[in-house]
Amino acid sequence: MCNDITVDDIFAGKPDDLVLAFDEVLLAVMDWEPNHIGAATKAIVFTNKRAWLIVRPMSKLLELSFYSSGELSSSAIHKSNLAIKKDKFRHSIRISGPGEITPEMVDLLKIGFDYGMR
């Protein structure tokens, strides 16, 4: 990213539980290559060939947004909708603290990672 914002800046003033939850997200996806992490204005963006995961720290939640070619069905997904480009679906998972990342969520994020490699 072309700015001076860091991940620490994005988490400034946020609850420690959100930082710990983000650390768990990092651990879950760190072996997937290529995987670059950058800070945007209010989010952390994970990219491979293109952005595949956007993490937005909210006041009490982390929103994990990723894309796929079709609509996914899972109780872990907070919201799904057709993206503006109409050729992909945007999905959101919300977590509020450590210990909430499940294997099912990691599998869903892997779908987003693989979609980003297309």
Side-chain angles (χ1 to χ4, degrees):
M1 304 283 142
C2 297
N3 60 40
D4 294 330
I5 296 172
T6 67
V7 171
D8 289 338
D9 294 334
I10 293 171
F11 279 102
K14 303 292 183 196
D16 290 342
D17 278 353
L18 293 187
V19 176
L20 294 172
F22 178 72
D23 288 346
E24 287 185 359
V25 172
L26 282 174
L27 286 173
V29 304
M30 70 184 219
D31 291 334
W32 302 346
E33 293 292 335
N35 202 2
H36 306 283
I37 302 167
T41 305
K42 295 183 181 183
I44 299 107
V45 180
F46 291 68
T47 58
N48 45 39
K49 284 189 175 180
R50 57 183 162 179
W52 72 270
L53 175 63
I54 300 162
V55 178
R56 289 184 184 83
M58 302 161 85
S59 60
K60 296 180 181 179
L61 298 167
L62 276 186
E63 183 174 78
L64 314 174
S65 297
F66 63 98
Y67 298 94
S68 70
S69 58
E71 190 167 13
L72 302 174
S73 178
S74 168
S75 61
I77 295 176
H78 170 72
K79 183 169 42 170
S80 290
N81 57 341
L82 191 59
I84 293 171
K85 284 189 162 187
K86 308 268 190 234
D87 66 341
K88 61 185 175 182
F89 281 82
R90 180 176 183 245
H91 310 282
S92 297
I93 296 172
R94 289 185 171 179
I95 58 174
S96 59
E100 293 185 19
I101 296 290
T102 66
E104 178 185 9
M105 289 177 186
V106 174
D107 290 345
L108 291 167
L109 294 176
K110 184 69 165 100
I111 291 169
F113 177 83
D114 291 343
Y115 182 77
M117 290 296 290
R118 293 177 31 174

Atom pair [atom1] ([X]) and [atom2] ([Y]), whose distance is rounded to the nearest 0.5 Å:
| X | Y | atom1 | atom2 | value |
| --- | --- | --- | --- | --- |
| Thr47 | Asn35 | OG1 | CG | 7.5 Å |
| Trp52 | Tyr67 | CH2 | OH | 13.0 Å |
| Ile37 | Met30 | CD1 | CE | 10.0 Å |
| Leu18 | Ser59 | CG | OG | 8.0 Å |
| Leu64 | Arg56 | CG | CZ | 10.5 Å |
| Asp17 | Leu62 | CG | CG | 10.0 Å |

- Task: Would you indicate whether the side-chain heavy atoms of Leu53 and Trp32 approach each other to under 4.5 Å?
- Result: no

- With a 4.5 Å limit on heavy-atom distance, are the side chains of Ile10 and Val55 in contact? no

- Item | Check: Glu71 side chain, Phe89 main-chain N or O, donor-acceptor pair, under 3.5 Å | no

- Answer yes or no: are there more than 12 heavy-atom neighbours, outside Asp16 itself, under 6.0 Å from its atom CG? no

Which heavy atom of [X] sits nearest to which heavy atom of [Y], and what is that distance?
| X | Y | result |
| --- | --- | --- |
| Glu24 | Pro98 | OE2-CB, 3.5 Å |
| Val45 | Ala40 | CG2-CB, 4.1 Å |
| Thr6 | Ala39 | C-CB, 3.7 Å |

- Message: Hydrophobic clustering (ILVMFWY, side-chain heavy atoms < 4.5 Å, transitive) - are Leu61 and Ile44 grouped together?
- Response: no

Donor-acceptor list for residues 104-118 side chains, cut-off 3.5 Å, not counting sequence neighbours:
{"unit_1": "Glu104", "atom_1": "OE2", "unit_2": "Ser74", "atom_2": "OG", "d": "2.4"}
{"unit_1": "Lys110", "atom_1": "NZ", "unit_2": "Asp114", "atom_2": "OD1", "d": "2.8"}

- Task: Linking directly or through intermediates, with side-chain heavy atoms under 4.5 Å: list the remaining ILVMFWY members grouped with Leu20, chain and number order.
- Result: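 Besides Leu20, the cluster holds no residue at all.
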
